[in-house]
**Q** 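Before I ask anything, here is the structure I am working with.
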Amino acid sequence: MTNVENAWLIALYPLLSAVLIMFFTHKSRKISMGISIAAVAIGFIHSLLLFFNFHGHEAYEANFNWIKAGDFHLEIGLLVDQLGIGMLLTVTLVSLLVQIYTHGYMDEDKGYTRFYSYLSLFTFSMLGLVISTNLFQMYFFWELVGVCSFLLIGFWWHKPSAAHACKKAFVTNRVGDAGFLIGLIMLYAFTKDFWSVDIATMSFTKIQEAINFAIANNGLEVVGLVSVTTIGILIFMGAMAKSAQFPLHIWLPDAMEGPTPISALIHAATMVAAGVYLMVRVFPICEITGSGALSFIAWIGGITAIFAATIALTQNDIKKALAYSTCSQLGYMIMSVGLGAPYIAMFHLITHAMFKAMLFLGSGSVILGCHHEQDMREMGGLRKYMPITAITFLIGTLSISGMPFFSGFWSKDMIIAKAYEVSPALFWIGTITALLTAFYMFRIYFKTFEGEYRGHAHPHEQPLAVTAPLMVLAIPSVILGLWGSPLMDYPLLKYFNHHFHAHGTGLSFFIHELTQPMGYLPFLAFVFGNLGAYLIYVKGITMQDKAVNVYVKEKFVPLYEGSVNKWYIDEAYEFVISLCMSFFRITWKFFERVVIEGIVINGLAWRGSEFVGEVLKLTQSGKVQSYILIMFLGLIVSVLIFMV
Amino acid sequence: MEFLAEHSLSLQLFVFLITALVIAFSPFNEKQSRITALIGSFIFLFIALLQYFKLFDSSNTAMQLVESIPWIGGINFALGVDGLAFSMVLLMAILMPCVIIASKPIAQKQKPRLYYSLLLFLALAVSAVFMAKDIFVFFLAWELELVPMYFLIAIWGSKNRNYASMKFLLYTFAAGACLLVGLFTLLAYTGFASFDMQELAGIAQALSVPVQTLLFVLISVCFIIKLPSVPFHTWLPDAHVEAPTPISMILAGILLKMGCYGLIRFATEFFPTILENMAPAIAILGAVNIVFGAYTALIQTDFKKIIAYSSISHMGFILLGLAGLNTAGYSGAAFQMFSHGLISAALFMIVGMIYERSHTRELEDFGGLAKVMPRTFFIFKLAAMANLGLPGLSGFVGESLVFYGAFTSAYTGAGLNAIKISTVVSSVSLVLTAAYMLWTNQRVFYGEIHEKNHVLTDARKSEVLVLAVLLGLAILYGVYPNFINSLYEPQLDSLLKTF
């Protein structure tokens with residue numbers, strides 16, 4: 001049962017669980033929860049066994065024809081390789097812990113079993129995405145995870161804000177998906193001759209060959225505007241929407257309207273990282289010589305990283321602040337892909353999944369403890385009341401801020417080091433973002449857990465179902481990074497990429513690196529960001545007799561207001577949308593009501609209808625038989641007309 | 001059994017005819033009429049399933065299940081189906097029982113026997129359109145469909161029914177007139193040598209290009225009015241809004257497909273050269289339909305109008321698919337026909353259910369209905385997802401095939417880029433469709449509930465059953481499209497070898 005051929009079962013169990021809960025066991029909370037958790041637990045164990053047993057350098061692949069029309073054919077199948085196994089483990093582990101946590105978090109909710117069925121459905125879709133053999137199949141599951149995200153954001157449908165947020169999330173994602181779909185259609189059209197009947201269309205293992213084949217045969221410019229750059233950027237649009245990259249990031253902060261477990265699972269650890277996973281899979285398309293896609297990707301990632309970090313500085317809603325932090329970290333990953341280091345992006349994806357899931361679950365614990373209060377101004381001093389949550393949250397904060405030897409340190413600094421090699425501008429963006437990250441993360445921590453409690457509830461620690469997942473996630477948040485570090489000779493990166501080549505390895509290399517700008521600058525960023533937050537939010541140092549944060553707020557009004565209001569991106573979108581709606585209304589009215597209806601038709605139709613109305617009055621008094629008679633008469637008349 | 005195998009198509013028509021007559025001339029009440037109609041439609045379905053599993057061979061690209069009885073003059077009462085036509089017969093067989101079950105509240109209002117017999121006549125005429133092998137039978141059936149449809153809207157419709165039914169009649173009549181002139185001219189040019197559609201197609205291809213163009217335009221206008229396509233689409237929203245729920249279901253579900261079917265059957269088989277020259281124009285028309293339909297749906301405030309404009313938008317995909325001139329585009333169009341039949345019927349049914357309970361279709365009267373109608377909420381979400389083309393549901397298959405087919409169009413002239421650009425522009429509908437479906441969903445089901453809506457009741461068992469069948473099939477064909485696609489793919493592939 002645990003062979004590689006059966007890896008599709010990992011995705012199937014949660015689907016069965018979702019269907020079972022939805023249609024059969026939704027009345028029983030215990031059974032539903034049990035089925036859902038068991039399904040993903042089996043998947044996790046299965047993934048672990050795959051991890052230990054699958055060592056082949058060749059990917060395992062199986063394909064089945066899904067549809068065929070002439071020479072067009074699409075397949076659905078199963079792909080198992082090291083990259084996929086890494087993702088399988090991450091997704092099943094986080095999903096398992098989040099589902100356990102859900103039991104504690106959603107205990108009092110009426111939709112408890114519905115929530116579990118959606119969670120299972122999401123887990124299925126996400127795992128289906130991970131084991132996809134080809135781009136088309138990935139698109140298939142890509143949309144399914146989107147719809148699960150839609151369902152879960154709008155889980156509390158009676159809240160108007162949630163209703164708005166789920167629609168916004170789906171529609172924004174659709175913008176990216178439209179680009180993605182057109183991109184893959186162009187790619188298929190571009191490489192059409194390569195995919196003969198026995199090669200699965202656009203399969204990841206063959207995509208490099210196909211591109212080379214097409215370029216050899218057709219040259220780079222295909223038709224007019226369509227080139228490999230266009231294809232790369234269009235496919236990347238999908239990733240931009242799903243991984244909340246600027247300017248399609250607007251849905252992610254609003255998505256925090258959903259229950260916290262899904263913020264952790266979907267909007268921090270797994271689904272939003274799918275964009276990065278996609279870009280790693282299609283990396284061969286982007287890195288073709290002559291394609292400008294990579295630098296576009298790198299810059300979008302860099303801009304998102306620093307842009308979202310500046311917003312996170314001033315948010316008071318704990319989940320919103322964490323959401324912008326997710327945006328920013330995803331920006332790092334995307335930037336890493338753009339810099340030509342997809343495997344480092346994967347490394348950061350996995351470490352980030354661990355500590356960010358933990359941070360979100362921690363924030364959920366805080367929210368529960370404060371009786372559904374999300375505003376950090378109503379918190380403070382919670383360390384005394386919620387020690388486990390506080391310690392795990394601190395670990396997460398240290399990890400994401402880049403505390404040396406913690407997971408986030410290794411993966412993030414590796415990206416910044418890569419930027420140092422490739423693009424100085426992006427290196428500085430990365431370093432400044434690291435400074436901002438350390439600052440805003442410690443701001444969150446200090447405002448929530450240190451000082452005096454400012455709220456009006458009675459904070460309390462949460463039950464084991466909530467705290468246990470936090471404790472479990474704390475472990476990889478600290479040590480997982482070592483596994484990809486030079487200290488241990490990069491086993492994780494070598495696992496993903498057999499050809500991984502580093503400049504050096506071991507402790508001496510690490511120390512040498514630290515003496516270089518790319519080593520000590522990010523470290524200094526961590527120190528100063530941390531220190532700054534400490535001085536402002538714990539020590540409360542003053543400037544001209546005012547607390548520093550108040551001083552900054554008053555002195556730099558446009559900057560502060562800009563950050564609080566998310567740089568008015570939502571407002572800009574709303575303006576454009578309202579323009580479009582007016583355009584739609586005007587053209588519709590003009591075209592339909594004035595041109596077609598008013599001028600052409602109405603004159604005719606009204607006269608006619610008056611006449612026929614009269615006739616109808618005569619006929620409607622009749623019996624059934626007379627209608628039938630009329631019908632047959634009509635039939636005969638039409639036959640006669642035809643014959644004459 | 002052998003008799004059944006040899007005469008299955010005419011038996012199907014006969015079943016509808018007999019059932020309609022029995023209901024019309026019997027003393028049945030509503031329930032008895034409905035059950036009789038249901039029995040008739042189940043016999044039709046049974047024969048269709050028999051054809052699907054045994055009698056019909058999809059690898060055979062020729063006309064099958066052929067029957068021919070000499071009629072008047074050189075005309076034969078000839079029936080036969082190929083893959084495409086058969087898929088439509090199958091759709092008819094699936095939809096009819098659903099429509100009849102959904103008819104209960106409408107037929108209870110007045111004249112149940114007349115209602116059910118007209119409904120069955122309508123089904124008879126539409127099935128005959130798809131089964132016709134003789135051009136005269138085709139035309140007769142095409143015109144015959146108009147009569148029961150007119151009465152069904154004019155008698156059972158809502159407030160503005162006279163206006164809407166008249167508009168429907170005029171448009172369809174104009175379409176029929178174009179078709180009549182076109183077919184008559186065609187027959188005149190061929191010297192009335194044959195009425196058989198396949199033979200005629202061969203003769204038509206040999207005509208001179210100007211004549212072919214004239215005939216193509218005449219005949220195509222008829223079909224794109226029926227489709228309907230911009231600028232001849234305005235009858236559809238009115239007809240839908242005024243028609244009773246089951247009639248809307250059958251109108252969107254299968255009547256519109258007569259136009260698509262006609263386009264593939266006549267435009268492609270009779271005048272392939274003209275079609276090829278027209279491909280860029282068709283693609284642009286398709287894109288206009290897709291985008292205009294979608295954004296018009298976005299600004300409507302009447303629940304039913306949104307779904308009606310959504311139909312127009314989705315019918316645009318069929319035009320776009322035809323412009324591909326390749327198997328992918330045509331298969332996509334054919335799949336879209338089938339899938340839209342299931343999904344739009346389900347959507348119209350849901351709209352009708354809510355209208356029947358609340359007596360309003362204005363979106364601002366709704367909100368928070370999820371509280372009182374949780375089952376309907378669940379089903380509508382599923383239907384909305386199917387309509388916006390979510391993978392795993394049938395709407396996605398047709399759309400993606402059409403996109404690919406149109407983008408890789410076999411057209412070779414100077415307008416090729418127009419087709420490609422039309423395809424890319426059409427992808428905007430992915431966003432627009434999601435926007436109007438989910439916005440509607442939000443305005444109807446999410447948020448706080450209105451005070452007066454607390455009394456609304458959730459979907460009845462019979463309604464859930466109908467929707468479960470329609471959407472269950474949408475899932476089945478979305479997960480494994482080959483169940484339908486394999487019916488017509490070989491035939492379309494051989495048809496399109498000519499391009």
Side-chain angles (χ1 to χ4, degrees), chain A residues 65-72 139-141 143-144 147 150-151 154 157-158 160 162-164 166-167 170-171 174-175 177-178 181-182 185-186 188-189 192 223-224 581 584-585 588 591-592 595-597 601 604-606 608-609 612-613 616 620 624-625 627-628 631 634-635 638-639 642-643, chain B residues 24-25 72 111 113-114 117 121 136 139-140 143-144 147-148 151 154-155 162-163 166-167 170 231 234 295-296 298-299 326-328 331-332 368 370-371 385 390-392 397 400-401 403-404 407-408 417 420 424 427-428 430-431 434-435 438-439 442 445-448 481-482 485 489 493 496:
Chain A
N65 179 260
W66 187 69
I67 196 167
K68 174 185 158 318
D71 55 359
F72 170 87
Y139 180 83
F140 196 106
F141 285 102
E143 292 250 307
L144 287 186
V147 82
F150 161 81
L151 290 172
W157 45 262
H158 44 81
H164 180 73
C166 68
K167 180 192 66 189
F170 197 88
V171 174
R174 269 267 155 151
V175 175
D177 293 353
L181 183 65
I182 289 297
I185 281 171
M186 282 180 179
Y188 189 1
K192 189 164 65 174
V223 256
M581 293 296 274
F584 294 164
R585 273 198 198 94
W588 171 63
F591 184 60
E592 205 163 272
V595 177
I596 305 179
E597 293 283 87
I601 302 304
L604 286 170
W606 275 114
S609 74
V612 172
L616 261 186
Q620 273 182 347
V624 174
Q625 284 88 335
Y627 287 110
I628 304 299
M631 277 184 54
L635 202 152
S638 56
V639 170
F642 196 82
M643 297 313 293
Chain B
F25 294 98
I72 328 157
K111 303 191 184 74
R113 280 182 299 141
L114 179 63
S117 49
F121 269 115
F136 179 69
F139 180 74
L140 198 65
E143 291 292 305
L144 197 60
V147 185
F151 283 108
I155 299 177
N162 280 351
Y163 174 73
M166 197 62 221
K167 207 167 169 183
L170 285 176
T234 58
Y295 83 59
T296 309
L298 191 60
I299 53 180
N326 51 23
T327 317
S331 296
K371 191 177 165 85
M385 287 302 161
L390 187 81
V397 184
S400 47
L401 254 71
F403 277 134
Y404 177 80
F407 195 78
T408 57
N417 277 339
K420 293 195 182 199
V424 175
S427 72
V428 172
L430 259 69
V431 182
L438 297 186
W439 196 23
Q442 180 191 349
F445 290 103
Y446 284 71
E448 293 297 330
N482 266 339
N485 187 57
E489 195 264 340
D493 199 35
L496 293 158

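If you're wondering where the values come from, they're calculated on a predicted model, not measured in any experiment. So you know, we letter chains A, B, ... as the sequences are listed, proteins then strands, and number each from 1.
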**Q** May I ask you to decide if the ring planes of A/Phe150 and B/Tyr446 are parallel, tilted or perpendicular, using 30° and 60° as cut-offs?
**A** tilted
**Q** With chain A, which of B/Thr296, B/Thr408, B/Val397, B/Val428 has the greatest number of heavy-atom pairs at distances under 4.5 Å?
**A** B/Thr296
**Q** With the side chain counted from C-beta on, respond yes when A/Phe591 and B/Pro231 share a heavy-atom pair under 4.5 Å apart, and no when they do not.
**A** yes
**Q** Please give me the minimum heavy-atom distance between B/Asp493 and A/Gly70, naming the atom from each residue.
**A** OD1-CA, 3.5 Å
**Q** Taking C-beta and beyond as the side chain, do B/Lys371 and A/His158 meet within less than 4.5 Å on heavy atoms?
**A** no
**Q** Please enumerate all residues that pass side-chain contact (heavy atoms from CB on, under 4.5 Å) together with B/Asn482, with sequence neighbours excluded.
**A** A/Asn65, A/Ile67, B/Tyr480, B/Asn485
**Q** Between B/Gln442 and A/Lys167, is there a donor-acceptor pair closer than 3.5 Å when you use the side chain of the first and the backbone of the second?
**A** no
**Q** Could you check whether any side-chain heavy atom of B/Val424 comes within less than 4.5 Å of a side-chain heavy atom of A/Met186, counting everything from C-beta outward?
**A** yes
**Q** Would you say the side chain of B/Leu401 lies within less than 4.5 Å of the side chain of A/Phe72, judging by non-hydrogen atoms?
**A** yes
**Q** Please tell me if the side chains of B/Tyr404 and A/Tyr188 come closer than 4.5 Å, counting only heavy atoms from C-beta onward.
**A** yes
**Q** Taking A/Arg174 for its side chain and B/Leu430 for its backbone only, find out whether a donor-acceptor pair lies under 3.5 Å.
**A** yes
**Q** Looking at chain A, which one of B/Ala370, B/Gly332, B/Ala435 has the largest number of heavy-atom pairs inside 4.5 Å, strictly under?
**A** B/Ala370
**Q** Heavy-atom cut-off 4.5 Å, strictly under: side chain, backbone, both or neither for B/Thr327 against chain A?
**A** both
**Q** Work out which heavy atom in A/Ile185 is nearest to a heavy atom in B/Ser400; give both atom names and the distance.
**A** CD1-O, 4.2 Å
**Q** Is chain B contacted by the side chain of A/Lys192, its backbone, both, or neither, given a heavy-atom distance below 4.5 Å?
**A** side chain
**Q** For residues A/Ala69 and B/Ser331, report the shortest heavy-atom separation together with the two atoms involved.
**A** CB-OG, 3.6 Å
**Q** Would a 4.5 Å heavy-atom cut-off, applied to side chains only, mark B/Ile299 and A/Trp588 as touching?
**A** yes
**Q** In Å and rounded to the nearest 0.5 Å, what is the CE to CG distance from B/Met385 to A/Leu144?
**A** 10.0 Å
**Q** Only pairs of heavy atoms separated by less than 4.5 Å count here; which of A/Leu181, A/Val147, A/Asp177 has the most with chain B?
**A** A/Val147
